[in-house]
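Contents: one structure, followed by commentary.
FYI, the numbering just counts along the sequence from 1.
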Amino acid sequence: MDYSDVSTIAAWITEQGLKGASEAELMTGFCSACRDAGLPLDRGLALMDTLHPVHEGRAFRWDSVEEIQTEFEYGPTISGEAASNWQRSAFYHLWSRNEREIRRRLGFGDPIDFSMLDTIAEAGHTDFVAMMHRFSEAGTIGEMDCFFSHFATKHPEGFSDHDLAILRKLVPVLGLAIKCIALGRIARTIAEVYLGEDAARQVMEGKISRGKSERISAALWFSDLLNYTKISDSVPPEEIIPLLNDYSEAVITAVHQSGGNVLKLIGDGVLAIFKGEVPAETCRAALSAESLLREKLTTLNAARAADGRATTDVYIGLHIGDVFYGNIGSQDRLDFTVIGPAVNEVSRIASMCRSVDLNLLISSDFAAAIPEQQRTALACVGRYALRGVQRAQELYTLDSARLNS
């Protein structure tokens, strides 16, 4: 392999990175191109921490003999077996000592003193090199502060000095391309986690101008917890966040699994929408989410009660109407949400649940949008004036007979 190949491979990595190739595609293409050009690569691994509510990072493995490429996410490495494995790795050695490279000539008597080296040696690899390329403070996001990689060969003489020089020139280019793709993934993850999937998609598509919105018809969901203030005053402070997390998880997963989008978490309250062209279908989806939530609450409350922890219920208001969906705020701080009279109404409907001692209230507009044969499952609970809403309206709840799915 000569230095003209270095330029060719570096140009390919750059082009693929700009096109948005996946990390696994970059790693596989890089290792295959190096091998085809004469660099004796038989195994490669790249990994980088990320910014994600569940995963600590992502890794990508390539193997020339097995002809496999593996892409996997790994969880926190701060405790237990994961921490032990991390602290025995060559990458931890580099990171903790702030070193750039470490090599083990496995076929020539070097110690097998890092995790995975025994497996790599048993597979016939004779030489191993691990590298770390650390980012500056300006290039660090969360725990994503460096790019790790390792490479191994089965060549009888191991890596030559020339081989290592080639890797030292090319691996930073690979790291930059993978970091570029990872940053895009992080941006999407953050947007989805904090805005919701649909709002995140629109923001990532460029709809971030202040005042830019669209008028949509949607089924609206507003829910909050029964006696949350009383519970928060009576349980230890360290129990508040776990309680909110448990019940928010139940509500959010029920909405998402039924095709809805959660737009707001307001303390113990949740605002969600169900978009669609057919009102009957959006209402059906919202009712499906309500039914699914009740199943989740039964399981959740049983588990929390068994542990001696506080339990509660979820009040839900359902409405349907036209809303404006888009960006509202200042030049420095925008919110992608829904506004309009219907949003105010659904929150007022939900708040009425306490007054009538029911865990679900449905507006007359929502009831009218349900197919006639399914309205028999609704029971009218009376006509009410809603605070801040000009018109009084009849409210409904589900009768003992459930709606047909």
Side-chain angles (χ1 to χ4, degrees), residues 196-198 214-224 226 250-263 269-301 313-325 338 340-386 389-405:
E197 184 177 348
D198 185 69
E214 62 176 321
R215 184 170 183 149
I216 64 170
S217 179
L220 305 171
W221 163 302
F222 193 94
S223 63
D224 56 13
L226 168 65
V251 172
I252 293 169
T253 55
V255 169
H256 285 173
Q257 289 174 12
S258 301
N261 287 280
V262 172
L263 297 181
V270 175
L271 172 64
I273 62 172
F274 296 81
K275 295 171 60 181
E277 299 295 330
V278 182
E281 292 302 319
T282 59
C283 291
R284 184 197 299 271
L287 288 169
S288 174
E290 189 274 340
S291 177
L292 183 57
L293 173 61
R294 298 305 168 192
E295 295 176 9
K296 292 179 180 293
L297 289 178
T298 299
T299 302
L300 172 60
N301 283 336
D313 196 3
V314 176
Y315 283 152
I316 302 171
L318 296 179
H319 188 33
I320 190 169
D322 289 344
V323 293
F324 287 98
Y325 185 42
V338 287
V343 180
N344 182 47
E345 287 183 45
V346 73
S347 67
R348 301 306 185 206
I349 292 169
S351 67
M352 283 295 300
C353 288
R354 295 176 177 84
S355 301
V356 298
D357 195 26
L358 292 169
N359 59 19
L360 172 67
L361 285 176
I362 295 169
S363 73
S364 55
D365 291 337
F366 190 102
I370 298 173
E372 186 174 356
Q373 66 272 21
Q374 295 178 333
R375 288 180 210 153
T376 56
L378 299 183
C380 182
V381 299
R383 186 175 181 84
Y384 295 90
L386 304 175
V389 179
Q390 291 184 350
R391 64 187 178 102
Q393 64 172 282
E394 292 183 338
L395 299 179
Y396 298 80
T397 193
L398 287 175
D399 206 342
S400 55
R402 307 297 290 181
L403 285 176
N404 294 328
S405 59

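To the nearest 0.5 Å, the span separating CD on Gln257 from CG on Leu293 amounts to 10.5 Å. Annotation: the span from Lys275 atom NZ to Asp198 atom CG amounts to 3.5 Å, rounded to 0.5 Å. Here Leu378 contributes atom CG and Asp399 contributes atom CG; the two are 8.5 Å apart, rounded to the nearest 0.5 Å. Separating the CD1 atom in Ile316 from the CZ atom in Arg294 is a distance of 4.0 Å, to the nearest 0.5 Å. The CG atom of Asn344 sits 9.5 Å away from the CD1 atom of Ile349 when rounded to the nearest 0.5 Å. Rounding to the nearest 0.5 Å gives a distance of 8.5 Å between CG of Leu398 and OG of Ser291.
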Worked check of side chain to side chain contact (heavy atoms under 4.5 Å, CB included) between Tyr315 and Leu361: CA-CA 8 Å; Tyr315 283 152; Leu361 285 176; over 6 Å; no

CA sep, side-chain torsions, deciding dist, call: Glu281, Arg284, salt bridge (charged side-chain N to carboxylate O under 4.0 Å, His left out): CA-CA 5 Å; Glu281 292 302 319; Arg284 184 197 299 271; 3.7 Å; yes

Side chain to side chain contact (heavy atoms under 4.5 Å, CB included) between Leu271 and Val343, worked out: CA-CA 9 Å; Leu271 172 64; Val343 180; 4.2 Å; yes

Pair Ile273-Val323, side chain to side chain contact (heavy atoms under 4.5 Å, CB included): steps then yes or no: CA-CA 10 Å; Ile273 62 172; Val323 293; 5.6 Å; no

Residue pair Leu287, Phe366: steps toward the side chain to side chain contact (heavy atoms under 4.5 Å, CB included) verdict: CA-CA 10 Å; Leu287 288 169; Phe366 190 102; 3.9 Å; yes

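Contact of the Tyr384 side chain with the Val356 side chain is registered, since non-hydrogen atoms from C-beta on lie closer than 4.5 Å. For the pair Leu395/Leu358, no side-chain contact is recorded, criterion being any heavy-atom separation below 4.5 Å from C-beta on.
Atom CD of Glu214 sits in a crowded spot, with more than 12 heavy atoms from other residues, nucleotides or ligands closer than 6.0 Å.
In terms of heavy-atom proximity, Glu290 sits nearest to Trp221 at N-CZ3, 3.6 Å. Here the closest heavy-atom approach between residue Gln393 and residue Ser363 is recorded as OE1-CB, 3.2 Å. The minimum heavy-atom distance between Gly321 and Ala342, with the atom names listed, is CA-CB, 4.3 Å. In terms of heavy atoms, Leu292 sits closest to Ser258 at CD2-OG, 4.3 Å. The two residues Leu386 and Arg348 come nearest to each other via the heavy atoms CB-CB, 3.9 Å. Closest heavy-atom contact between His256 and Gly260: CD2-O, 3.5 Å.
Side-chain atoms of Thr282 do not come within 3.5 Å of backbone N or O of Ala218 as any donor-acceptor pair. At distances below 3.5 Å, at least one donor-acceptor pair connects side-chain atoms of Arg383 with backbone N or O atoms of Ala392.
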